[in-house]
Amino acid sequence: MIKELSVEALRCVEGWRCVQDACAATRVEEGFTSDLLSDIMANAPAQSVLVTLQSHLNTVAVASLAGVRAIVLCSGREAPPDMLEAARREGIVLLQTHDNQYQASVKLEAAFRSGCVGS
Amino acid sequence: MKTIPVNPEQSPLVILDLLFKLKIKDVMSSPVITAVRKDSLRTVQHLMRDNRISGVPVAERGRLFGIASIDDIIRALEGGYIDDPVERHMTTQMVVLEDDMPLSFGISYFEKFKFGRFPVLNKENRLVGILSSRDVSASLLVELHNEYHKLEAKLPVSAIRDVNTVTRGFRVERYDFENAGKAAHAIKKILSEQNYPPALIRRVAVAAYEMEINLVVHSLGGTFTFHMDPEKVELLAVDEGPGIPNVEQAMQEGFTTANEWIKSLGFGAGMGLNNIRRNADDFDIQSAVGRGTTVRATILLPTGKDAPPQTP
């Protein structure tokens, strides 16, 4: 069974707020949790959701290089305006939450399981 | 006037490439004509005259003690001590080059130290050659001539080759996180437009981004250049210092010199150089403390039947 989820579905996760949703119709297939940008570049799968603390412009840049389609900013971190703008330009969805990375990862996995439309 | 009319930091890519590819050992004069410490200045003078050279290193069994120049001889003749042993009057405060350094370092030394020649030592600190500005000019002329022929040979093959050849340079400043990634982004766009597979584009873009970030985080500023032709993408980062004291250590996964602020941004995880190497088909790093670091990564592009379809 292939895990697959519309980014739209992430908006429904309890405690998550979408702050940039220009490409919400995108489909995602996996999650990846990391705060090290080199690690994200090296290891984040394409078509994935990134769970991270890093709320700045460069996170969008590495996410874009890795093919990440959505970023979940944890622990109440706010996305600065230049980050929002870059995400819009790159077609990457941004979500904010007060969950820490662990809690957010668990919720993401649950979303994949319940919202799975695998064929 | 400059000793060598080439700027090792701001020249066309083909020259920068050459200056980086050529090592001091490819250019230096070797073997070296040397004197021993007990030789008289008169003996040294004869060595210079007979060999038409203007500087003689004083060395014994490969160990370098000093260097005597024509100026030392002239002063000896004026001062009437031409029969003194050379060790009493030679220059012992020397700047030396290492045979494995890229030629670009050698050239900048001529500008920086205003010496006419530099003794060249190998890793074991043995004298293996001497580099004069004449050696540099002569070898550059030969190499540029070869390069010119290579470039010319490429020309008539097909016009498409030229269309597909792209070279772009970016200036990267220390701590300018805002503009980091511009080059990686541009390369990604060009490769996407030419229909290269996403996995390959990611390799190139990740290597480029890591190189840009290294310049931003660790260098005093530098240039990032990419060159693309139908066979390969070449990424070249050249900075102005401070240089890496121990490259082997820097290559170790997890080793970092980044400060807490850099780390809090998610950089400085000690993975960058390895990320570049892992994504490249060919990787090279050269560094000298006080001078700078040059990193080069080459990624081969699929050619022939594996080449991506070109959109008209």
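Below, chain A is the first sequence line, B the second, and so on; all start at residue 1.
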Proximity breakdown for A:Ala66 and chain B, heavy-atom pairs closer than 4.5 Å: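 Both parts, heavy atoms under 4.5 Å.
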
Side chain, backbone, both or neither of A:Leu57 within contact of chain B (heavy atoms, under 4.5 Å): side chain

When B:Ser264, B:Gly270, B:Ala199, B:Gly272 are compared by non-hydrogen pairs under 4.5 Å with chain A, the top option: B:Ser264

Residues A:Ser64 and B:Lys188: side-chain donor-acceptor under 3.5 angstrom: yes

Heavy-atom neighbours of A:Glu109 CD exceed 12 at 6.0 Å: yes

Heavy atoms of other groups near B:Phe255 CZ, more than 12 under 6.0 Å: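 More than 12 within 6.0 Å, yes.
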
B:Tyr175 and B:Trp261 aromatic ring geometry - parallel, tilted or perpendicular at 30°/60° bounds: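 Ring orientation, 0 to 90° scale: perpendicular.
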
Heavy-atom proximity to chain A below 4.5 Å, by part of B:Leu265: both

Per-residue contact mode, B:Arg203 against chain A (heavy atom under 4.5 angstrom): neither

Main-chain N/O of A:Asp35 paired to A:Gln54 side chain as donor or acceptor, under 3.5 Å: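 Looks like yes, one N/O pair under 3.5 Å.
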
Option in A:Thr59, A:Asp39, A:Leu53 with maximal non-hydrogen atom pairs under 4.5 Å from chain B: A:Asp39

Between A:Asn58, A:Asp82, A:Leu36, the one whose heavy-atom pairs under 4.5 Å with chain B are most numerous: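 Looking at each of A:Asn58, A:Asp82, A:Leu36 in turn, A:Asn58 comes out on top.
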
Euclidean distance, A:Met41 CE relative to B:Asn275 CG, rounded to 0.5 Å: 6.0 Å

